[in-house]
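Notes follow once the structure below has been shown.
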Amino acid sequence: MAERLQLQLPNGEVREVPQGITPLELAPELLGEAAKDAVVGLLDGQWVDLRAPIPRSGPFRILTVRDPEAGDVIRHSAEHVLADAVERLFPGTIIDAGRQDHSEKFQYDFRHPRPFTPEDLARIEEEMARIVAEDLPFTRQVVTRQQAWELFKARGEELKLIRLAEIPEGEEITVFRHGEFVDLCRGPHVQRTGQIGAFKLLETSGAYFKGDERNEMLQRIYGTAFATREELEAYFARLEEARRRDHRRLGRELDLFSFHPLAPASPFFHPKGAIVYNELVALMRELYQRYGYQEVITPQLFDAELWQVSGHWEAYRENMFLTEVEGRAFSIKPMNCPSHCLIYKVAARSYRDLPLRLADFGRLHRFERSGVVQGLTRVRSFSQDDAHIFCLPEQIGPEIDRLFDLMFEVYGLFRFTEPTIYLSTKPEKAIGDAELWAQAEATLEGCLKSRGVSYTLNPGEGAFYGPKIDFVVQDAIGREWQLGTIQLDFNLPHRFALTYAAEDGTEKTPVMIHRAVLGSIERFFGVMLEHFAGDLPFWLAPEQVRVLPVSDKFLSGAQEVARRFQAAGLRAQVDGRNEKLGAKIRDGELAKVPVLLVVGAKELEQGTVSVRLRHRGDLGPQPLEEVLRRLGQAKAHRRAVLWEEDE
RNA sequence: GCCAACGUAGCUCAGCCGGUAGAGCAGCUGAUUCGUAAUCAGCAGGUCCAGGGUUCGAGUCCCUGCGUUGGCUCCA
């Protein structure tokens, strides 16, 4: 065992240091004056608490309050300060634990006789500010299980004793203190509370102990913290940007959809929203033509027996709307797959018929608990760009490959980032033969590899009936959304006793692939609206062109212009209101109409229209025929850019 | 479902300690005929979420329900 460690520093230098040295001891040497700002050590991408011995050789650096990555540690330490403040203000409160992911927020759960009020939060914040001003040093101590037990027993921290008991045998147990406060914690923590430069408590909520609703409910407090006030303000600016893009707000402002209390969590798409919705469906139908899908239309209501056969009755009943007529139990469909199995069974299938790709935009209803519904992203009534592919086992590979083409084509069209791909494999509770699973996982992995796409493995996260590939994209402000999914299913074909006549004349069971590209159209609508901040691409815009007469005198001329665009298949309206041009421009911009056409004496005389593009402004008068041609092309090809200069 | 906050005109919001409801925008009417992000004036618009209670009196206080929003998807 080497006596000394080799640390590669960011400047390339390799520093030899004695075993057992801590980042804090090394800081003056590495950072000089800035040592007082040190927050945490980083050894080969892993945190090393300032007060903990550096465990081994490797690339090493010390983060200071000026490194944005140090924010996680600052928030984690602010979490302890929060718990300290609560204990100071409300003696007898039992503390539970904080949050694991500190990339954005911190939180702490408490056993407290009543919920915290907004007034409590204000007081706690003041107390936290005092603790930060006291600039108390954090200390780290390795303790034995027995010492930890006695410590928290003496402090009456019952929940901590439960947490302690759950720490696996053999793991190092540490406690962190600042001032009078002590917490069972892995760390890492900042040097002193004063390094928490700016913080804010955000909200309170109830939270079940260990996230399990059979446990007692604790009181949770959320907050966030940064090294500087500027970073805290930037955080609130990001929240504000997300609010500005909120699809619920845009949906109301742009008159796209609404909700009504008498149909909770079920959207009403208004005329403009229905245009957008139908354009999304039209896109998929067009692609289905090219990718060899056949669309089907299936019932809404089924005898419960169908769901018994499919297994939904057993596994999914709490999410289904049930009803009864003539003493017979029925359910509104939550998924399309069983219908498609029934269609499969209508005829004797041969291997020559496969792959059979059945697409269905059928409306689905799923009961979502009242507390979990949210705008368009979590609804009870929706439809999907759903399809099921029935194929031979050896067709899985080529089918997946085609699906990748389809997914990438669609996401590219909406200008999302390249998707991140997750491969989820066999979970513990799985059905079907182990050999088929292995084969399916190998096939999926083979497809990913042969396409050269990188992916992340999610071991054990597959569906109970088969492994799956998920597609996650980032939107314009960096938020991640899971859209597409490809799921292999060896279960349902068996349950429905689906067969085909194989080449050798024997009867075999086909494989089923469940897949969606947009996922729920409703959810995609919401995600896309936020991604574009309401500025829909030309081909999707409910109103593509608005013609603005300079005054009433040119109204009939403007109507004639609009008719030309309508005849070319474009969605064009005239703003015929008795308003000044400036007001019509403003309203057109606020309605996010991509193309505004100004028509006055000059234009009518010359056969031109003055083109004003959203986010580009006035292009001046352009020949009417030219504008018709360019916009017609832009729509037909679903172009992102409407007006290339060099055309 | 559970915890908390919220629910006032189509929208955004004000309404103090309980004393009988207000603004801006939108709408309607009229005047103005206008050249690239708001013309002026007038009018109309309310089951203050619903139901119950306290009170001489409730938008305001209490209870119940509904809806919306944020959480409850842990892991010292």
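Chain letters run A, B, ... following the sequence lines, proteins first, then strands; residues in each count from 1.
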Measure from the ring center of A/H247 to the ring center of A/F525 and say whether it is less than 6.0 Å. no

Are any of the side-chain nitrogens in A/R243 or A/E240 under 4.0 Å away from the carboxylate oxygens of its partner? yes

Looking across every strand, which nucleic acid part, if any, lies under 4.0 Å from A/E172 by heavy atom: base, sugar-phosphate, or nothing? base

Value in whole Å for how far the P atom of B/G27 lies from CG of A/D255: 13 Å

Under 4.0 Å from OP1 or OP2 of B/G70: is there any side-chain N or O of A/R248 that close? yes

Any donor-acceptor pair, under 3.5 Å, between the side chain of A/Y208 and the base of B/G1, if you only look at N and O atoms? yes

Identified pairing partner of B/C40, criterion: Watson-Crick or G-U wobble below 3.5 Å: B/G30

Under a 3.5 Å cut-off for both contacts, is B/C25 paired Watson-Crick or G-U wobble with anything, and if yes, with which nucleotide? B/G10

Looking at B/A76, does its base get a donor-acceptor pair with the side chain of A/R163 below 3.5 Å? no

If you take atom types as modelled and just measure distance, does the side chain of A/R612 reach the base of B/A37 with a donor-acceptor pair under 3.5 Å? yes

Between the base of B/G70 and the side chain of A/Q374, is there a donor and acceptor pair under 3.5 angstrom? no

Contact class for A/A148 vs. all strands (heavy atom < 4.0 Å): base, sugar-phosphate, or nothing? nothing

